[in-house]
Amino acid sequence: MGQDLRYIRSSYVVLLPHLTADSEGDIIHCCLFRQHVVVINSEKIARDLLEKRSYNYSDRPIIVTNELFGWSSLNAALMRYGNTWRQHRRFYHQSLRSSAALSYRPLQMRKIHELLVDMLETPEDFVRHIEALAASIIMSITYGYETERHGDPLVSLVETVNDKALKAFTPEASAILTSWPFLLYLPSWFPGLSFKRLARGYPDMLNEMVEKPFQYTKSQMASNPAISSMVSDILNGIKDAPNYDELEKIMKGTAATSFSAASETTATTLIDFILAMVLYPKVQERAQAEIDSVVDKHRLPNFEDRNSLPYVEAVLRETHRWRPVVPLGLAHAAVNDDIYEGYHIPGGAVVIANAWTMSRNEAKYSNPSDFIPERFLSADDKLNDDTVPYAFGFGRRVCVGKHVADASVWAGIVSLLAVFKFTKAKDSQGREINVEPQWTYGLTVRPAPFACHIEPRSTGLDSGKLHQMINQFT
Ligand code: HEM
């Protein structure tokens, strides 16, 4: 339980006493300084409020630090509900809806195959390889930009700008500043206000992060008008619009948000999966046996195999459930006062859909701390209808990238399982190094570094043979 509580602590550190005091409740109200906060711990209530009454719960809270760093007017995920946000969602829908997401599959598989090569060559760098994969997929989809395998200059720029902001965007700082905005006028040496130093010069960095990849796509379009990416497709679609300048500005924000929303979440999910495979070898064996029964040893799995691999599907769902990477979701906000089952929810309240508690619902998931994919299968190995939707949020603010994310994560899981075996690393005496899983804390929560041994499943698989399999991939 201690580990679990530290996990949900995420960056909502000030919420912890309230959550621990009343973590049994399906809906909890507390005050962070002068800010009302409603935490929803049940999927049903989250759907009742955030979906059925989405007209009232699709706003985001005013986060003073976001405003200070210039993010609220740019980042679609943090933006208040309204016309600009709607335009962002329209752009996303055009490029990322389920039917459009199908077109990225070849690109996603190509990048996963690059990951396999990297993992074979330097398995000890598996985290770095996975991060590079996630960054590369989203940069390609968004800007049509092919990243360098490691140390790509544009990815580094985007990462630096995002990291700086995330350090400052702690909800505790925001709650204090939202309650007492006059604190913002105190000097940056004042205790707790050091982020004001970070904010200085930030708008220029943000501007560079938005403009550089965008200008890259524009220059590519000038030399090859047929090129296709989220940005080029949107630009083509709006080129005759009377409000072109306004739409172009919004679209730059749409594109810039993609990287921060997609990269860390996708990478973390795959790292959680590898950790689970190290800790649960029987699960790994069963998934690999299933893959071997469907996929010929001389080829790599493809998306057509997906329906024949229910256990792999269950592993994917269990990865989302076991460790939801955004455990407290992104906060919604209530627009007006509301009454739900006799409870008063004040207008302006921060509303948190607590995916962590939903994933720990013992009525649905026995032994919730354990990684048990079988919980998604019936006695005759048919998948049930629990797709763990709460991992991607609720209502009108639900994750726009969930179809792309699903394909990347599935392709990653199935390909890694087909080619590699993940086990505990051994020390110089040949003894297994025990893995005591720990998680780092933030808006997203990922495993702390852990030792892991990765080797090809088939003896004699070298880079040449792997390339041969990749070249034969259909
Ligand atoms: C495994 C990977 C991912 C997970 C677990 C995840 C999870 C989430 C969650 C929990 C939210 C908040 C939903 C809410 O407020 O109710 C969200 C929002 C969002 N996600 Fe994802 N996400 C993932 C991948 C992606 C990808 C690949 C993209 C691609 C662009 C993306 C783009 C977004 C955007 C733009 C939002 C903000 C939506 C809005 O506020 O209207 N995400 N995501």
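Atoms within a ligand are numbered from 1 in the order they appear, just like the ligands themselves.
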Tell me which protein heavy atom sits closest to [atom], plus the residue, atom name and distance to 0.1 Å.
{"atom": "atom 13 (C) of ligand 1", "value": "R397 O, 3.2 Å"}
{"atom": "atom 6 (C) of ligand 1", "value": "F392 CD2, 3.7 Å"}
{"atom": "atom 23 (C) of ligand 1", "value": "T265 OG1, 3.4 Å"}
{"atom": "atom 35 (C) of ligand 1", "value": "V400 CG2, 3.3 Å"}
{"atom": "atom 28 (C) of ligand 1", "value": "G401 CA, 3.4 Å"}

Out of [options], who gets a non-hydrogen atom closest to [atom]?
{"atom": "atom 42 (N) of ligand 1", "options": "G329, A391, C399", "answer": "C399"}
{"atom": "atom 33 (C) of ligand 1", "options": "A407, A405, G395, A261", "answer": "A261"}
{"atom": "atom 27 (C) of ligand 1", "options": "A331, A267, A262", "answer": "A262"}

By number and element, which atoms of ligand 1 are closer than 4.0 Å to a non-hydrogen atom of [X]?
{"X": "A77", "value": "37 (C), 40 (O)"}
{"X": "R89", "value": "38 (C), 39 (C), 41 (O)"}
{"X": "G393", "value": "10 (C), 13 (C), 14 (C), 16 (O)"}
{"X": "T269", "value": "1 (C)"}

Which bit of [X] gets closer than 4.0 Å to ligand 1, counting heavy atoms only: side chain, backbone, both or neither?
{"X": "V325", "value": "side chain"}
{"X": "L96", "value": "side chain"}
{"X": "R60", "value": "side chain"}
{"X": "A353", "value": "neither"}
{"X": "F394", "value": "backbone"}
{"X": "H332", "value": "side chain"}

Take atom NZ of K252 as the centre, draw a 6.0 Å sphere, and report whether it contains more than 12 heavy atoms from other residues, nucleotides or ligands.
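Yes, the 6.0 Å shell around NZ holds more than 12 heavy atoms from other groups.
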
Give a yes or no on whether K249 atom NZ has more than 12 heavy-atom contacts from other residues, nucleotides or ligands under 6.0 Å away.
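No, not enclosed.
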
Taking atom types as modelled, find out whether Y57 and D338 have a side-chain donor-acceptor pair closer than 3.5 angstrom.
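Yes.
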
Is a donor from one side chain sitting under 3.5 angstrom from an acceptor on the other, for R396 and Y81?
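Judged by distance alone, the side chains do pair up.
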
Angle between ring planes, H150 versus H129, binned at 30° and 60°: parallel, tilted or perpendicular?
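Tilted, since the angle between the ring planes falls between 30° and 60°.
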
Below 4.0 angstrom, N of the basic side chain to O of the carboxylate: do [X] and [Y] qualify?
{"X": "E131", "Y": "R446", "result": "yes"}
{"X": "R317", "Y": "D406", "result": "no"}
{"X": "E318", "Y": "R323", "result": "no"}

Consider ligand 1: state whether an atom of it lies below 4.0 angstrom from any non-hydrogen atom of [X].
{"X": "K402", "result": "no"}
{"X": "I137", "result": "no"}
{"X": "Y92", "result": "yes"}

For E51 and K44: C-alpha separation, side-chain torsions, deciding distance, then whether salt bridge (charged side-chain N to carboxylate O under 4.0 Å, His left out) applies.
CA-CA 10 Å; E51 291 179 356; K44 180 186 176 306; over 6 Å; no

Going through the checks in order, is the salt bridge (charged side-chain N to carboxylate O under 4.0 Å, His left out) test met by D48 and R53?
CA-CA 7 Å; D48 283 352; R53 299 184 192 176; over 6 Å; no

Tell me the closest heavy-atom pair linking Y365 and D386, and the distance in Å.
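Closest approach of Y365 to D386: OH-OD2, 2.6 Å.
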
Less than 3.5 Å between some nitrogen or oxygen of W85 and one of ligand 1, yes or no?
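For ligand 1, there is an N or O atom that lies under 3.5 Å from one belonging to W85.
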
Run the ring pair (Phe, Tyr, Trp, His ring centres under 6.0 Å) test on F473 and H113 for me, step by step, so that the C-alpha distance in whole Å, both residues' side-chain angles and the decisive distance to 0.1 Å come before the verdict.
CA-CA 10 Å; F473 181 83; H113 292 163; 4.6 Å; yes

Evaluate the criterion ring pair (Phe, Tyr, Trp, His ring centres under 6.0 Å) for residue pair F392 and H320; output intermediate values, then yes/no.
CA-CA 9 Å; F392 290 96; H320 287 309; 5.2 Å; yes

